[in-house]
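Report on one structure; see the data block that follows.
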Amino acid sequence: MISTSLMDEFRSIVGNEWFLDTPEDLATYSYDGFLPEFRPDAVIVPGKTDEISKIMGVANRERVNIIPRGAGTNISGTSVARKGGVIMAFHRMNKILEIDPENMCAVVQPGVVNADLQKEVARYGLMYPPDPASMYVSTIGGNVALNAGGPRGVKYGATKDYLLGLKVVLPSGDLIKTGGKTFKNVSGYDLTRLMCGSEGTLGIFTEITVRLVPLPPAKATLQAIYSDLDDAAKTVSAIIGSGIVPTTLELIDRVVLDVIRDYGGAEFSRKAEALLLIEVDGEEVSVLTQGERIEKFCREKGAIEVQRATSPDEAEKLWQARRSAFGAVASVRPSCVVEDATVPVKRLPDIIRKILELSDKYRVQIGILAHAGDGNLHPIFMTDLRDKEEMARIDKAMEEMYEAAISMGGTLSGEHGIGIAKDRFMPMEFTGTAIELMRRIKRVFDPNNILNPGSFL
Amino acid sequence: MIPKSIAEEFDQCIKCGLCQATCPVFKDLLLEKFNPRGKIQLARYYSQGKLDLSDHYRDIFAKCLLCGACVVTCPSGVDLNKVFVSMREEITTKRGLHPKMEEVVRSLLVNHNISDEDNAERGGWRDFLKDLPEHMYQKDRAEVVYFVGCVASFFPMAQTIPQNLVRILESADVDFTILAGEEWCCGFPLIGAGVPEKAREMAEHNLAKVRELGAKKVVFSCPSCYRTWHEYYETDLELFHSTQLIERLIKDGAIRLGEVKATVTYHDPCDLGRNGGVYDAPRQILKSIPGITLVELENNRAQSVCCGGGGNLEMVDSGLTGTVAQNKIEEIKRTGAKTVVTSCQQCIRTIKGRARRQKADLTVYEITELVLQAISRG
Ligand SMILES: Cc1cc2nc3c(=O)[nH]c(=O)nc-3n(C[C@H](O)[C@H](O)[C@H](O)COP(=O)(O)OP(=O)(O)OC[C@H]3O[C@@H](n4cnc5c(N)ncnc54)[C@H](O)[C@@H]3O)c2cc1C
Ligand code: SF4
Ligand code: SF4
């Protein structure tokens, strides 16, 4: 609990209106996109960097936990007050400070919504490539803290590939600047990259400089349906092996396809065992030939149906199945747990087979969505949280899945982060020495362990 | 107690937060409690006994346009609107009316309309019409009843709508009547205020009056009346929005339209489009008028953004309504059109009101106004 005088001190920094402690406010900042909920002691909504420095100074002095929060869409439980404390929300810091077309970069405040930035830079003929499926609500601050990726990741990579510089308030309240507007920068340790993916545990980003690329003039969208999962996997290998770099290569398995069909999300053959959604972008001419080549690969590898969109409306229709997937799956059982196991692309069929095997072995319903082009899987466990026995089986299945992914040279998380969702699996991927090193890094930045404590470390 | 069907709705919520993207209220107020997701969680916490119904809680639920944008955005199929309306009822039952809605509810119960005036004045808009027929549109029997609605009956800025519509119907020889003083509020503001049982009384009265006239069809110029009849009246009468009837009359050749030269954009009223499923009729009408070029808004049809006039919000926070209306005007301006057409008296009031105050270079037409112009040139 926080004393009244301390509350007043926080209040005096941001003003009465932006320090929240009503039961309604505490309740609505007790969750994010993951399952467990923790009621914070207060919520603070700063308006500028200077206020954040002051808040951190006080918090550090008084040992008050501060938990940064963007839009609260993460699905690993990293923006909740697991150990109590104050949620710091960035809603007000939502300004695009600068778009610099000559240097191909933009400077933004942390609360800017990803899609708002996309829309603004498009007016300059530019694009900000990271496009998490949550882009219409998730913030650049949250994207950086979780190193978010998206469907375009196959070609363009993730947030870390576009992050140039940061202004960071440290837990002590001190402000540092890392990186800048240049694409090249090798001075000292790469603190910018260290911050990227730090899950709100090392510092608070108050200004973010990102790299932009030219907006590609054209794109082609295809959908291929297979009656055999292996044929879909072979198509993925064929495309990647051919030198074509698609922006997007999404795979949906039969379990999810069935659910989408029942839900009325889209129609496809009852024989469908897998669906691939493929997109390429670039110059008009090259996109056209790439589209044709991909269509050929799909047919050669045994697709039972291939569709190539000829207009943006048709492309949007092809995306419909993928977009309705989460909702459709969520409607099957009371709860769903979205996982994030990732393997080298070539091992994709192996990990999928393993998951199907685990689904049988532990009698749990698992649907698979995958960013197939970069080996990033989203197995979705359909369940009921209140069913302890089933949750125990799910836990076992998950553990075996992650063991398999790591033995294939993969990782626990491709893009969603560790948070409180997967902290227990960290020793699978890292030796004790590596984990201890991370803990020591954390202590250097945050000796009093006040910034998002209890998350992943 | 929260009905089980409502609890099922919030159990369906996976807390993904995507509904925030299209909420016009969140865009301005920014805090999670005003996020559609936030209100769904507040409802859940209350139903689980973890939160009480405070004045603050009531105010949060009142700051919502009931526009339904969140409903079409939710990937998980949560019927947020149903939860919000039920919660308003629960809050009013347990904690009392929102103080800012007391006045209108009192007036509705006493006068059967949302203004302060005697309901006998409901037909007052006719006084300004020239060449009024002898029956003054009040007949003993008719095929169609035109249900005018409170706003268009009493608010000067909206009275042109019934004035235009009766002219249009007349020109097409439609056998119609109005209920005048016997028309009561459809009950929509009562549902929004959390007293749906009072809306039932209104419904019963209105249904009885229409039946007395032997009418089989009811036409509405107000999208919210249209929606309320559809959703709450449980009747087999044929219900039309004015745009649907006009579209049919054009198709049947009963109305002939002359040229009106203008580039216009169209604003889909929430209760007509998203919540009523009528998107094409108004667009067909605009297409039928020679000389009209329609440019769509960025967010059109199901994605249309509320004008700010929904959900009784204006009574509770007129400043917020103004901000939402301002955003609407900005979106309209971005189309390049200097004229916006819509088919709802409430949208007219909010958009026109705001545009006037801002001295914006914008003409705001209710669709009947444009149709009548075209008829006069036909
Ligand atoms: C439907 C759905 C689809 C999704 N799709 C994708 C996807 O395709 N790819 C993907 O990578 N993720 C995806 N996610 C996960 C999530 O949206 C992303 O991780 C996103 O980056 C989180 O951003 P946020 O603004 O919601 O941040 P939050 O969830 O609020 O916070 C995330 C982390 O960032 C920290 N943080 C926030 N702001 C700051 C700051 N200013 N300084 C320091 N730390 C900060 C928080 O402490 C927390 O650790 C999806 C989620 C949902 C619900
Ligand atoms: S109904 Fe409209 S105003 Fe209300 S929460 Fe949904 S989107 Fe927001
Ligand atoms: S979009 Fe639907 S599932 Fe997601 S938070 Fe909103 S109501 Fe819940």
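First the proteins, then the strands, lettered A, B, ... as listed; each starts at 1.
There is no contact between A/V329 and chain B, counting heavy-atom distances below 4.5 Å. Interface residue A/A328: only backbone heavy atoms are found under 4.5 Å from chain B. Within the 4.5 angstrom heavy-atom criterion, only backbone atoms of A/F34 (N, CA, C, O) approach chain B. For B/F26, the part sitting under 4.5 Å from any heavy atom of chain A is the side chain, from C-beta outward, and nothing else. Interface remark: A/R39 contributes side-chain atoms only to the contact with chain B (heavy atom separation under 4.5 Å).
In this structure the side chain of A/P334 never reaches within 4.5 angstrom of the side chain of B/D11, judged on heavy atoms. Residues B/L31 and A/Y29 have side chains in contact (heavy-atom distance under 4.5 Å, counting atoms from C-beta outward). Looking only at side-chain heavy atoms (C-beta outward), A/P23 and B/Y45 stay at 4.5 Å or farther from each other. Annotation: side chain of A/S331 is in contact with side chain of B/Q12 (closest heavy-atom distance under 4.5 Å).
Surrounding NZ of B/K82 are more than 12 heavy atoms belonging to other residues, nucleotides or ligands, all under 6.0 Å away. By the 6.0 Å contact criterion, CG on B/D52 is open, its count of non-hydrogen atoms from other residues, nucleotides or ligands being 12 or less.
With chain B as the partner, the residue from A/S134, A/S324, A/G72 showing the most heavy-atom pairs under 4.5 Å is A/G72. Chain A forms more heavy-atom pairs under 4.5 Å with one residue of B/E8, B/Q20, B/K50 than with any other, namely B/Q20. Contact tally against chain B (heavy-atom pairs below 4.5 Å) for A/C336, A/G33, A/A27: the top residue is A/A27. The choice from A/D25, A/I75, A/T73 that makes the most heavy-atom pairs within less than 4.5 Å of chain B is A/D25.
Heavy atoms only, all atoms of each residue included: B/I14 and A/A330 are closest at CG2-CB, 3.5 Å. Taking both residues in full, the closest heavy atoms of B/E32 and A/T28 are given as CG-O, 2.9 Å, listed atom of the first, atom of the second, then distance. The two residues B/R37 and A/D32 have their closest heavy-atom pair at NH1-C, 4.4 Å. Scanning all heavy atoms of the two residues, the minimum distance from A/E24 to B/L42 falls at O-CD2, 3.8 Å.
In the model, B/T73 has no side-chain atom that pairs as donor or acceptor with a side-chain atom of A/Y136 under 3.5 Å.
Annotation: the span from B/K27 atom NZ to A/N94 atom CG amounts to 11.5 Å, rounded to 0.5 Å.
Using a 4.0 Å cut-off between charged side-chain N and carboxylate O, A/K119 and B/E298 make a salt bridge.
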